[in-house]
Protein chains: 2
Amino acid sequence: MIPRVKRIASSDPCCLPPPRGRPLRAPARRRLVAALKALADPTRLEIFRAVALRPEPVCVCEITARFRVSQPTISYHLKVLRRAGLVTVSRRGVWAYYAPGPGGLASLRALLDEAPKEASGPAP
Amino acid sequence: MIPRVKRIASSDPCCLPPPRGRPLRAPARRRLVAALKALADPTRLEIFRAVALRPEPVCVCEITARFRVSQPTISYHLKVLRRAGLVTVSRRGVWAYYAPGPGGLASLRALLDEAPKEASGPAP
DNA sequence: CGAGGGGATAGAGGAATGTCTATATTTTGC
DNA sequence: GCAAAATATAGACATTCCTCTATCCCCTCG
């Protein structure tokens, strides 16, 4: 906590510079956390990459064929990605096709853009 | 909206184009998932931003003052961020200072760079 | 219509996660 | 040396998450 009693090192306060980063607003934070959470699973990350790295929508049957988890598990992961706005689904007859979605990655880019490119200067 | 989906006749295979995205290697995927998981929590995300948006290292006492969770919880979150390589710690006397770390964000940038730009645009 | 198949949903179980209180560790002032 | 203060660690506990099997829904074809 900010030292209110100068008990230790009175000439050496722990934190001089005032806070600079402001917290995100609740909706923006929710969206960003949802996108991060959706990608923070090995299987889901690979599913997302399989969808995002393709110009054409990807058939679910292809995804289920490429991973070792069961078909309902794939379906569950696709739902998570869908609710995060990272992918969208369209149906063609019996099959379902997934394509990159509109949401999520933009806020991720914003997060990276506000952070410095590399570790900043050393401690004084 | 979705560009040229293949005509799917009933007896046609569901997916004609061959897979193009190859999975990440295990170490790269592990690092990336660790960074994503570390940021995929509202409290931790704000802690990271508080650290990353500052040129100078941030004192833990300031972080604990700014959040509503208990001090051990802050300490736990800082440990998660540390293990993901997102922040580093340096001690000065009794106090601990956190600064942006070398790892994690780079792989995140790589993930975004390999994804097509239109996949990340916000809904207009 | 009925059969068959792709995909989504339901429910269950075990592992991982986030939070707390209590305690340990380390450093400084007296 | 001793007490106090800043962080870290240790358990404990509730919640969320990931996976599975079983089942349902809907579409197409014979």
Side-chain angles (χ1 to χ4, degrees), chain A residues 1-15 30 33-34 36-48 51 57-84 87-98, chain B residues 5-15 30 33-34 36-48 51 57-84 87-98:
Chain A
M1 62 199 205
I2 295 172
R4 52 199 203 287
V5 175
K6 308 176 181 177
R7 194 90 175 124
I8 293 176
S10 56
S11 62
D12 197 15
C14 68
C15 26
R30 254 198 309 270
V33 166
L36 288 163
K37 233 186 258 192
L39 295 174
D41 174 88
T43 304
R44 229 149 40 209
L45 177 63
E46 291 297 348
I47 292 178
F48 172 74
V51 169
V58 179
C59 180
V60 169
C61 65
E62 186 180 323
I63 301 175
T64 56
R66 198 124 59 104
F67 291 86
R68 306 206 162 182
V69 296
S70 68
Q71 176 265 320
T73 297
I74 293 287
S75 197
Y76 160 72
H77 284 315
L78 285 171
K79 187 191 208 169
V80 174
L81 291 170
R82 223 166 45 217
R83 287 197 306 177
V87 300
T88 59
V89 63
S90 64
R91 295 199 167 74
R92 278 306 219 255
V94 190
W95 295 295
Y97 292 84
Y98 279 78
Chain B
V5 172
K6 278 191 194 322
R7 291 188 317 257
I8 303 293
S10 45
S11 54
D12 281 351
C14 66
C15 24
R30 251 197 310 271
V33 166
L36 287 163
K37 233 186 257 192
L39 295 174
D41 174 87
T43 304
R44 229 151 38 211
L45 177 63
E46 291 297 348
I47 292 177
F48 172 75
V51 169
V58 179
C59 180
V60 169
C61 65
E62 187 180 325
I63 301 176
T64 55
R66 231 189 313 164
F67 292 86
R68 301 201 165 182
V69 296
S70 67
Q71 175 266 319
T73 298
I74 293 286
S75 195
Y76 160 72
H77 284 315
L78 285 171
K79 187 190 206 169
V80 174
L81 291 170
R82 224 166 43 216
R83 286 194 308 180
V87 300
T88 60
V89 63
S90 64
R91 292 199 169 74
R92 220 176 52 191
V94 189
W95 295 296
Y97 293 84
Y98 279 78

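Note on naming: letters A, B, ... go to the chains in the order of the sequence lines (proteins, then strands), and numbering restarts at 1 for each one. Only this structure's heavy atoms are used, side chains among them; waters, hydrogens and symmetry mates stay out.
Taking atom CD1 on I74(A) and atom P on dA8(C), their separation rounds to 10 Å, with Å as the unit. Nucleotide dC17(D) holds its P atom 16 Å from the CG atom of L36(B), rounded to whole Å. In this structure, the OH atom of Y97(B) is 17 Å from the C1' atom of dA8(D), given to the nearest Å. Summarising the geometry, the separation between CH2 on W95(B) and C1' on dA8(D) is reported as 17 Å, rounded to the nearest angstrom. dC17(D) atom P lies 15 Å from atom CG of L39(A), rounded to whole Å.
Note that the OH atom of Y98(B) and the CD1 atom of I63(B) stand 8.0 Å from one another [nearest 0.5 Å]. Here the CZ-NE2 distance, from F48(A) to H77(A), works out to 15.0 Å after rounding to the nearest 0.5 Å. With rounding to the nearest 0.5 Å, the separation of OG1 in T43(A) from CZ in F67(A) is 7.0 Å. Atom CG of residue L78(B) and atom OG1 of residue T64(B) lie 9.5 Å apart, to the nearest 0.5 angstrom.
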Contact state string [nucleotides 9-25 of chain C, B base, S sugar-phosphate only, - no protein heavy atom under 4.0 Å] = B-------SBBBBB---

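For Y98(A), a side-chain nitrogen or oxygen approaches OP1 or OP2 of dA8(C) to under 4.0 Å. Within the 4.0 Å cut-off from OP1 or OP2 of dA6(D), not a single side-chain nitrogen or oxygen of R92(B) is found.
Sorted by first then second residue, the salt bridge (charged side-chain N to carboxylate O under 4.0 Å, His left out) pairs that include residues 36-47 of chain A, not counting sequence neighbours, are E46(A)-R49(A), E46(A)-R29(B).
Taking the centre and axis of the six-membered ring of Y97(A), the NZ or CZ atom of R91(A) falls outside the cone set by 45° and 6.0 Å.
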